Amino acid sequence: MHTLEESGMNKLYREMELPLTEVLFDMQKTGFKLDLKLLEELKRKYTALADESTERIYELAGRRFNINSPKQLGIVLFDELKLPYPKKRSERSTSAEILGAIKDAHPVVEEVLRYRFVSKIKSTYLEGLSKVAGTDGVVHTEFNQMQTSTGRLSSSEPNLQNIPVREEDGKALRALFIARDGNVLVNADYSQIELRVMAHLSGDENLIAAYMHGADIHTAVARELFGTSEPTAKQRRVAKTVNFGIIYGMSAYGLGDRLGIPTSEAKSYIDKYFSRFPRVHEYLEEVVKSAREKGYAESLFGRRRVISELNSRDYRTRGFGERAAMNMPLQSTAADIIKIAMLKVYGALKGMRSKLILQVHDELIIDAPADEADAAAELLKREMESAVTLKVPLVASVNTGKSWLDCK
DNA sequence: ATCATCACG
DNA sequence: ACGTACGTGATGATA
C-alpha cells in the first residue's frame, strides 16, 4: 500500500462518506417528531410504577437503601438476605443475568428486575427524550460518521438507535415516535443482512442455496444441523443462536452458555455447522490469517479496521482480536450496503416532500406525506434491495404507520 | 473519569 | 485450566 487511491480508501471516501454527510445533515435537521402528550402521560405512569416498585423492595428487603447502587444491592441480596450466588469463581454482580438465575430464592429479586426495567424506561427514554425535544416535539439526533471501528453510524443526544423493541412494554414507547401532521412513517429493514453477506463473502454453496430457495434461513440451518426435514421449534431456536454465533466468532462455551447446554453438545453443533457449510469455516479461518499478516481486516468495499491484538502474547487479547477479525467484514460490509442504499434513497426522493429521518443499522425510516406514502414505500424497498448485487438476494420488508409502533 | 448496567442492531 | 459473542450510547454511582 503506497497511496490512499491504491488502498481503496479514497474511493470509499469520495463516493460514499463525503456525499453521505449531506444525507445525514438533512436527516438530523429534519428530525423525528414525538407525541408530547403521550410522553407526559407515560412519564407520570412510569414515575408512579418506579415509586411503587421502590416501596415494595424496601418492604421485602426490610430496609431502605439505594437500589441504583449495585454495591448496596449486592450487600442486601447476598450478605443480608444471604441469597446464593449462582456462579463460581467470578466477581459478584447484580446483573439481570445473575438475578434471573436466583429469582426463585426470594421475591425481592423479581421486584428488583422490575424496578430496573421501569427505571430504565423512565430515566433513559422518557426523561431523556423530554430533555432534548424541542417545543414542537421534534428530536434531532446526531449521526456520528467517525465513531465506530466497523463503519457503522452511531447516534447520540438522543441515541435513536437503541429505542426498546424486544420487550412488549418497552416496545410501546415506539408509539411516541410519530409522523408529522398529514404524514405517515414508511419503514423498511433488511432481512438477515449480515448472514447474507457471509453467504456472499464465503461463497458457501450450501448457504447460498438456502437463500436462493428463499427459505427461512434458521429453519434451513436447523434441517442441516439436525438432519430432519421438519425441525422442531426448539431445534430452530438452536439454529438461530448458532447463526448469530457464527457472525460473532463465538466459542463452544459461549454457545453452550447461551443455549443452556453443555459445552460438548454446543461443540457438536458448531462442528456440524462447519461440516455442512465448509466454505464458511474456511472463510473465517482465512479472514483471521489475513488480518494477522496484514494487520487489518476489511469489508467488501475496502473499508479497513486495524486489529493489533492478533499478535498479543495474552491469549484473551488474541482471542478478542480473532473474534473482531471474523465479525468486522460482515458488520462492515452490511454498514457499507445500507450507506449505499441511503445515498440512492436520498437521490430518489429528490423532488418529493418525503424525508429520510432515521437509520438503525439495517433499517431506514421515511416521513412521507400521505399522498406520497405508496411511492416512498416502493422506492425504499427497491433501492435497499438493489443497493448492491451479491451472490444472494437482498431482501427488505417494508411497513407503514402513523407511529413507529404501528409500522408492523 | 471509570465502572456497572442495560437499551439497540 | 484458562475465559469465553461483535458493534454502539445513556444513566447513576463512585472515586
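In what follows, every chain begins at residue 1, and chains take the letters A, B, ... in the order their sequences are listed. The shown structure was predicted, so the numbers you read here are calculated from the model rather than taken from an experiment. The analysis underlying the following values was restricted to heavy atoms, covering all of them including side chains, and did not include hydrogens, waters or symmetry mates.
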So do the side chains of A:Phe274 and A:Ile246 get within less than 4.5 Å of each other, counting heavy atoms only? yes

A:Ser95 has a side chain; which of B:dC6, C:dG3, C:dG7 sits nearest to it? B:dC6

Name the one of A:Arg180, A:Lys355, A:Lys33 that satisfies salt bridge (Lys or Arg N to Asp or Glu O under 4.0 Å) with A:Asp367? A:Arg180

Here the distance between atom P of C:dG7 and atom CZ of A:Arg323, to the nearest Å, is 9 Å

Euclidean distance, atom NZ of residue A:Lys131 to atom P of C:dG9 [Å, nearest integer]: 18 Å

Is there any side chain to side chain donor-acceptor pair (under 3.5 Å) pair reaching into residues 278-292 of chain A, and which pairs are they, with sequence neighbours excluded? none

Sugar-phosphate, base or nothing in reach of A:Gln72, heavy atoms under 4.0 Å: sugar-phosphate

Could you work out the separation of B:dC8 and C:dA5 based on their C1' atoms and round it to a whole Å? 16 Å

Ion pair present between A:Asp216 and A:Arg236, side-chain N to carboxylate O less than 4.0 angstrom? yes

What integer number of Å spans the P atoms of C:dT4 and B:dC3? 16 Å

Side-chain donor-acceptor pairs of residues 43-52 of chain A under 3.5 Å, sequence neighbours excluded:
{"from": "A:Lys43", "atom 1": "NZ", "to": "A:Glu40", "atom 2": "OE2", "distance (Å)": "3.3"}
{"from": "A:Lys43", "atom 1": "NZ", "to": "A:Ser130", "atom 2": "OG", "distance (Å)": "2.7"}
{"from": "A:Thr47", "atom 1": "OG1", "to": "A:Lys43", "atom 2": "O", "distance (Å)": "2.7"}

Need one value for A:Ala335: base, sugar-phosphate or nothing, where a base atom within 4.0 Å counts as base even if backbone is also close, heavy atoms only. nothing

Counting only side-chain N and O atoms of A:Asn66, is one of them less than 4.0 Å from OP1 or OP2 of C:dA13? yes

Interface with DNA chain B, restricted to residues 394-405 of chain A and to heavy atoms under 4.0 Å: none

For A:Val76 and A:Leu81, run side-chain contact (heavy atoms from CB on, under 4.5 Å): C-alpha distance rounded to whole Å, both residues' side-chain angles, the deciding distance at 0.1 Å, then the answer. CA-CA 6 Å; A:Val76 168; A:Leu81 296 174; 4.2 Å; yes

Secondary-structure stems for DNA chain C, with pairs counted as Watson-Crick or G-U when both distances are under 3.5 Å and runs at least 3 long: B:1-9 with C:6-14

Under 4.0 Å, counting only non-hydrogen atoms across every strand here, what does A:Arg305 touch: a base, just sugar-phosphate, or nothing? sugar-phosphate

Sorted by first residue and then second, give each side chain to side chain donor-acceptor pair (under 3.5 Å) pair with at least one member in residues 105-120 of chain A; sequence neighbours left out. A:Ser53-A:Glu111, A:Arg56-A:Glu111, A:Asn68-A:Tyr115, A:Thr94-A:Arg116

Rounded to whole angstrom units, what separation is found between the CG atom of A:Leu358 and the P atom of B:dG9? 11 Å

Sort and list the pairs that fulfil ring pair (Phe, Tyr, Trp, His ring centres under 6.0 Å) and have at least one residue in residues 123-149 of chain A, not counting sequence neighbours. none

Send over the distance from A:Asn68 CG to C:dA10 C1', rounded to a whole Å. 14 Å

Modelled atom types, side-chain donor and acceptor of A:Asn66 and A:Ser69, under 3.5 Å: no

What's the CG-C1' distance between A:Asp362 and C:dG7, to the nearest Å? 13 Å

Donor-acceptor under 3.5 Å (A:Gln145 side chain, A:Glu17 main chain): yes

Please name the residue in the list A:Asp336, A:Thr148, A:Thr150 that meets the side-chain hydrogen bond (donor to acceptor under 3.5 Å, both in side chains) test with A:Gln331. A:Thr150

Within the structure, does a side-chain N or O atom of A:Asn327 lie under 4.0 Å from either OP1 or OP2 of C:dG7? no

For A:Glu97, which residues count as a side-chain contact (heavy atoms from CB on, under 4.5 Å) partner, sequence neighbours excluded? A:Lys87, A:Ser95, A:Asp257

Residues of residues 241-258 of chain A with any non-hydrogen atom less than 4.0 angstrom from an atom of DNA chain C: list those, numerically ordered, please. A:Thr241, A:Phe244, A:Gly245, A:Tyr248, A:Met250, A:Ser251, A:Tyr253, A:Arg258

Sequence-distant partners of A:Tyr273, ring pair (Phe, Tyr, Trp, His ring centres under 6.0 Å), two or more places apart: A:Phe277

Salt-bridge test for A:Lys272 and A:Glu224: reply yes if a basic N is under 4.0 Å from a carboxylate O, no otherwise. no

Could you check how far CG of A:Asp189 sits from C1' of B:dC8, rounded to whole Å? 13 Å

Expressed as a whole number of angstroms, how long is the span from A:Leu195:CG to C:dC6:C1'? 13 Å

Would you call A:Arg152 and A:Glu194 a salt bridge, taking side-chain N to carboxylate O under 4.0 Å as the test? yes

What pairs with A:Phe25 under ring pair (Phe, Tyr, Trp, His ring centres under 6.0 Å), at least two apart in sequence or on another chain? none

Closest non-hydrogen atoms of A:Lys344 and A:Glu383, given as atom of the first, atom of the second and distance, are CE-OE1, 2.9 Å

Near DNA chain B, under 4.0 Å by heavy atom, which residues of residues 116-125 of chain A? A:Arg116, A:Phe117, A:Lys120, A:Tyr125

I want to verify a distance call: between C:dT14, C:dC6, B:dT5, whose nearest atom is closest to the A:Thr94 side chain? B:dT5

In whole angstroms, the gap separating C1' of C:dC2 from CZ of A:Arg318 amounts to 12 Å

Check each residue of residues 145-171 of chain A for a non-hydrogen atom within less than 4.0 Å of any atom in DNA chain B, then write out the ones that pass by number, or none. A:Arg152, A:Gln161, A:Asn162, A:Ile163, A:Pro164, A:Val165, A:Arg166

